[in-house]
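Structure record follows, encoded as structure tokens.
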Amino acid sequence: MQPINVLKEASKLVYENVKGLAGTKAAAKDHGVGAGGDISRKIDVVAEKTVLDYLKKIKFECIVLGEECGRVELSKNPKGFVIMDAIDGSANAVRGIPFFCCSLAFATEDKLSSVTAGVVTDLSTGDMYWAARGRGAYCNSKRIHVHKEKPVYKIVGVNVSGAKPSLIKRIQPLFENSNHARHLGANALELALFSRGLIDIYIDLREKIRVTDMAAGYLIAREAGGKILDKNLENLDSDLSYDTRLSFIAAANDELLKEILRQIKL
């Protein structure tokens, strides 16, 4: 089975298994600290177990890199890595805010740039955003693209959760200028909305984001025609280590990118 089809099927199973759990007391049950360093909640554990059980069932030869479970080797001769954040936006999921997702990606090597398949499923609606390298990006069965025209309202996504005062001061012009700033609480799903043309630029300069949070969204955004740059304005790439933390800017086009970079003097 092709990796993209494996990820799609696993993501569908996660949606079926957690759609009635979000916002309940059971969803918030503490399951200790996960591999990523955050507290694992029951909804996270259920979602991860769903993916792992499915991969084992079909004997998919891979190494799983999970937000909660850490590194799980499912084969002595793996074909690559499944990069999993089974619930991205856990705080939203626990509280019942309808903005959280399952993010799954497949990489052939220990590099973000080697991701060849990605699926981000909105676990509130069931909408599935997906891409296979060289085949474009899709929402369900519809081809999607980043927004290339001049927007009526310029929507700028900015992740500021836990940001240091120095960063807040640096990006303050984004809020002062005629930008409609948004932070919705799930990076992978926000990158999916960017890929769909609903957000014009998405910025996370906190040096906090993990590869598990964005591997799938990274490929979907690129296949939708977007640019994803690192803090040095080079094409984003990294290893797949848990210790790696990223900053990035995703932009729909060069004109918008230059405008935003002028505002934050980057």
Side-chain angles (χ1 to χ4, degrees), residues 22 85 88-93 95-101 103 118 120-125 127-129 131 137-140 142-209 213-214 216-231 233 236 246-266:
D85 191 354
D88 183 33
S90 297
N92 286 350
R95 293 296 302 273
I97 297 171
F99 197 87
F100 57 100
C101 66
S103 174
V120 173
T121 296
D122 184 330
L123 295 176
S124 295
T125 66
D127 284 333
M128 181 181 290
Y129 300 86
Y138 297 82
C139 177
N140 301 320
K142 182 180 179 181
R143 185 83 179 259
I144 57 174
H145 303 274
V146 296
H147 191 82
K148 291 295 187 182
E149 300 174 6
K150 185 175 181 179
V152 176
Y153 296 105
K154 185 170 58 195
I155 304 295
V156 177
V158 189
N159 193 332
V160 293
S161 293
K164 294 179 180 179
S166 58
L167 177 58
I168 295 296
K169 182 177 180 180
R170 182 181 181 184
I171 64 175
Q172 187 178 359
L174 291 177
F175 305 101
E176 292 178 346
N177 288 279
S178 57
N179 305 314
H180 295 266
R182 303 287 184 269
H183 174 44
L184 306 175
N187 267 28
L189 191 50
E190 285 167 277
L191 279 172
L193 297 187
F194 163 78
S195 303
R196 190 176 170 181
L198 303 182
I199 296 174
D200 300 300
I201 287 186
Y202 188 66
I203 298 171
D204 188 337
L205 297 176
R206 301 170 301 146
E207 291 290 308
K208 284 180 175 255
I209 196 71
D213 293 318
M214 64 167 302
Y218 160 88
L219 180 67
I220 294 168
R222 286 176 62 93
E223 287 292 324
K227 296 174 174 289
I228 300 194
L229 308 177
D230 62 20
K231 62 181 180 180
L233 304 184
L236 182 67
L246 302 174
S247 286
F248 70 90
I249 298 176
N253 58 62
D254 287 329
E255 184 178 348
L256 277 169
L257 177 62
K258 290 177 182 177
E259 180 183 345
I260 294 299
L261 293 180
R262 282 197 302 268
Q263 291 178 18
I264 62 177
K265 296 181 173 59
L266 189 63

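Keep in mind that this is a model prediction, so the values were computed, not measured.
Residues Glu207 and Lys231 are paired through a salt bridge, judged by an N-O separation under 4.0 Å between the basic side chain and the carboxylate.
Side-chain N or O atoms of Asn140 include none that pairs as donor or acceptor with a backbone N or O of Lys142 at under 3.5 Å. Looking only at distances, no side-chain donor or acceptor of Asp213 sits under 3.5 Å from a matching main-chain atom of Asp85. Between the side chain of Lys148 and the backbone N or O of Gly225 there is at least one donor-acceptor pair closer than 3.5 Å. In terms of modelled atom types and a separation under 3.5 Å, the side chain of His147 and the main chain of Glu149 share a donor-acceptor contact.
With sequence neighbours left out, Tyr138 forms a ring-ring contact (aromatic ring centres under 6.0 Å, His included) with Trp130. Residues meeting the side chain to side chain donor-acceptor pair (under 3.5 Å) test with Asn92, sequence neighbours left out: none.
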#### Entry: Derivation and outcome, side-chain contact (heavy atoms from CB on, under 4.5 Å), residues Leu189 and Phe100
CA-CA 7 Å; Leu189 191 50; Phe100 57 100; 6.0 Å; no

### Task
Please assess Leu193 against Leu184 for the test side-chain contact (heavy atoms from CB on, under 4.5 Å), listing each intermediate value before the final yes or no.
CA-CA 11 Å; Leu193 297 187; Leu184 306 175; 4.1 Å; yes

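Ring geometry for Tyr202 against Phe248 counts as tilted: the plane angle lies between 30° and 60°, on a 0 to 90° scale.
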For residues 160-172, please give each side-chain donor-acceptor pair under 3.5 Å, one per line with the distance, not counting sequence neighbours.
residue, atom, partner, partner atom, Å
Ser161, OG, His183, NE2, 3.1
Gln172, NE2, Glu176, OE2, 3.2

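Rounding to the nearest 0.5 angstrom, the gap separating the OH atom in Tyr129 from the CD1 atom in Ile220 is 9.5 Å. Taking CE from Met214 and CG from Asp204, the interatomic distance works out to 8.5 Å, rounded to the nearest 0.5 Å. Here the straight-line distance linking atom CG of Leu233 with atom CG of Leu257 works out to 7.0 Å at 0.5 Å rounding. Here the NZ-CG distance, from Lys150 to Asp200, works out to 12.0 Å after rounding to the nearest 0.5 Å. Arg143 CZ to Arg196 CZ: the interatomic distance, rounded to the nearest 0.5 Å, is 15.5 Å.
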